[in-house]
Amino acid sequence: METLTDEKIELLTETANNIRQSIIGSLLEARSGHTAGPLGMSDIFTALYFHILRHDPARPDWPDRDRLVLSNGHICPVYYATLAHAGYFPVAELKTLRRFGSRLQGHPHREFLPYLETSSGPLGSGLSQACGMALADRMDHGLTSDRYIYALLSDGELEEGNTWEAVMLAGKYGLSNLITIIDRNGIQIDGFTKDIMPLEPLAEKFDSFNWHVVEIDGHNFEEIVAAVGEAQAVFGRPTVIIAHTIPGRGVKAFERQYEWHGKPPSEEEGKKALAELRTLNGKIKSEND
Amino acid sequence: MINKTQKLNPKLFDLQIEQEAIRDGFGRGLVTAGETNEQVVALCADLTESTRIEAFAKKFPDRFIQVGVAEQNLVTVASGLATMGKIPFAASYAMFSPGRNWEQIRTTICYNNVPVKIVGAHAGVSVGPDGGTHQAIEDMALMRVLPRMTVVVPADSLEAEKATLALADSGGPAYIRLARNKSAVITTEASPFELGRAEVLFDSDEPAALIIACGQMVYFSLLAAKKLEAEGVAVSVINLHTIKPLDKATVIKYARQAGAVVTVEEHQVAGGMGGAVAEMLAAEAPVPVEFLGIQDQFGQSGEPGELLEHYSLGVKDIIMAVKKVIERKNV
Ligand SMILES: Cc1ncc(C[n+]2csc(CCOP(=O)(O)OP(=O)(O)O)c2C)c(N)n1
Ligand SMILES: [Mg+2]
């Protein structure tokens, strides 16, 4: 990984803001879909695709690329927006989200969009697939492989038994080429995670399954990049990065409310959200530019 | 013509017919079941509002268990509750329950023979924009192969309400399939409903074909029957709300009378309602059958109407299938 300079942080900040605007734009067109998770994960997706991952939009099938498994498929608006901004497909295509015939299915479908490593939507099965990839990579390239498998999970799907079956397996095989990032935003559909199914102490749970654990602020690029760097340096254990995020991050009206898990903004709310995001960019450009 | 004894909605063929989601009827029925029988309890896996189990959960908080996103736990905890005399209704999306937890349902509910009611919401391609991962079109097959399992697919919200009440009293394992979108309310409070009894909704003295449908396809089948009648093609229509146990006597009687059958369902043709009908008819009263349903494909994003049309589940597809099966009869 390159070092993270101040200029790069500024660039990432601006990119994440543009991605957030694209998310709002696509949800406004689709009139259904998820708002909170995608906005909350925009900084992490930006850091991954614009700084961390070994990938090449011109060669999406490059065999040596890193692999990214999005387990919580419902946050795909941020995945699609990031891929578009990274150059995989035109940003204009984001407007087709969830429409009949669109490559941007309501939940990621690899058959429609081949740049995805897996299809997802049903929760709790991403980590197992990432374990399988990590095991295959080790079979093919041994312990010295410099390719990484990234698994992105939500906190809600930590309630699935399937997730913990994978946590045990990764611990057993010491999959240090597996880097898991959890969107610890504290919400799910029916309420706050602490009320629906308490997960704490979460770090201790992973630790007791023989994982290396890092906790970060999921909106701080320095912390995101440092945590991944640390994970890459760990030997003999898988790493989980528990990323504390604010669901709906970037639009005050949507922040920290589970009600925004699975609905799109109305026209009015969307307009305000876009204006708010553009003025945040105002540090760089004024709104009237 | 419409079977008067069914007391169907007088606005049946009116564009202004009332629309309500089938899941809404389930939600109402469960509250009533809870009021009549305090052994009725409910469980949900982080989908309380959209499965419509919310009203019960609010009214009887002490009889509601939130298991979180954990469908295997959902049905196995329900099994334990049932072993102690409770009548649990366990709700999620059909894709995840029974989609994810089939073996747990088989062993801990059917093998154990305890009265757990699996509530599968958001079934069918009519789920719409969420796409193929969320459109359960295999659930009837999964449930109807299980010994002791009753399988119910209500045709509208009022029927879902009645079915929920009946299932609370049925004494055994059951699966009820619900749809997300608003659909026509074709029955009335006064329409008859009995678990395991096929309802003949549209009748004729000399039908050239019999249409058998379940879920919201019953409405489309009635619209097709009306159009066919206007064209001089007489058909009968059965609402097969209970796929299992199958009302053999009624199906055989009407299949023999018509001599040809069209089955219509929002489900894979393989293993679905049409399959259940054909397995039985092949043994007892063989007649040509045309199957309308999903043809070994997955669903995808789109609006419900758009998708039903794409997968050949529209009124015109039913009319075409009827004409085709009549031709086959005459060869
Ligand atoms: C196996 C499975 N069960 C249920 C669902 C329905 N579902 C979709 S998102 C979700 C909430 C999960 O919480 P989280 O992923 O933390 O949501 P977010 O933070 O993005 O709001 C549920 C229950 C699903 N997609 N898959
Ligand atoms: Mg969450």
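Here is the naming used below: chain letters follow the sequence lines, and residue numbers restart at 1 for every chain.
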If you count heavy-atom pairs under 4.5 Å with chain B, which of [options] comes out on top?
options: A/Gly121, A/Pro122, A/Ser32, A/Gly73; result: A/Pro122
options: A/Leu97, A/Ile196, A/Thr193, A/Leu104; result: A/Ile196
options: A/Leu158, A/Ile189, A/Thr163; result: A/Ile189
options: A/Glu160, A/Gln188, A/Met197; result: A/Glu160

- Message: Can you tell me how far apart NE2 (A/His107) and NE2 (A/His74) are? Round to the nearest 0.5 Å.
- Response: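 Here the interatomic distance stands at 7.0 Å.
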Interface moiety of [X] toward chain A, non-hydrogen atoms closer than 4.5 Å:
X: B/Glu303; result: neither
X: B/Leu47; result: both
X: B/Gln66; result: both

- Query: Below 4.0 angstrom, N of the basic side chain to O of the carboxylate: do A/Arg98 and B/Asp130 qualify?
  - Reply: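 B/Asp130 and A/Arg98: salt-bridged.
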- Message: Here's one to test your reading of the geometry: is the NZ or CZ of A/Arg67 within 45 degrees of the ring axis of A/Tyr150 and under 6.0 Å from its centre?
- Response: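 The answer is no, since A/Arg67 fails at least one limit relative to A/Tyr150.
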- B/Arg23 NZ/CZ over B/Phe26 ring centroid, <6.0 Å and within 45° of normal: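 No, a cation-pi geometry is absent between B/Arg23 and B/Phe26.
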- Query: Between B/Pro129, B/Gly131, B/Gly302, which shows the greatest number of heavy-atom pairs under 4.5 Å with chain A?
  - Reply: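 Answer, by heavy-atom pair count under 4.5 Å with chain A: B/Pro129.
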- Item | Options B/Glu54, B/Glu49, B/Glu71, ranked by heavy-atom pairs under 4.5 Å with chain A, top entry |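 Among the listed options, the one with the most contacts to chain A is B/Glu71.
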- Query: Are a donor atom and an acceptor atom from the side chains of A/Asp183 and A/Ser154 found within less than 3.5 Å of each other?
  - Reply: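 Absent: no donor and acceptor within the cut-off.
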- Full working for ring pair (Phe, Tyr, Trp, His ring centres under 6.0 Å) between A/Tyr79 and A/Phe45: CA-CA 7 Å; A/Tyr79 197 2; A/Phe45 266 89; 5.6 Å; yes
- Aromatic ring centroids of A/His261 and A/His34 under 6.0 Å?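 A/His261 vs A/His34: aromatic centres under 6.0 Å.
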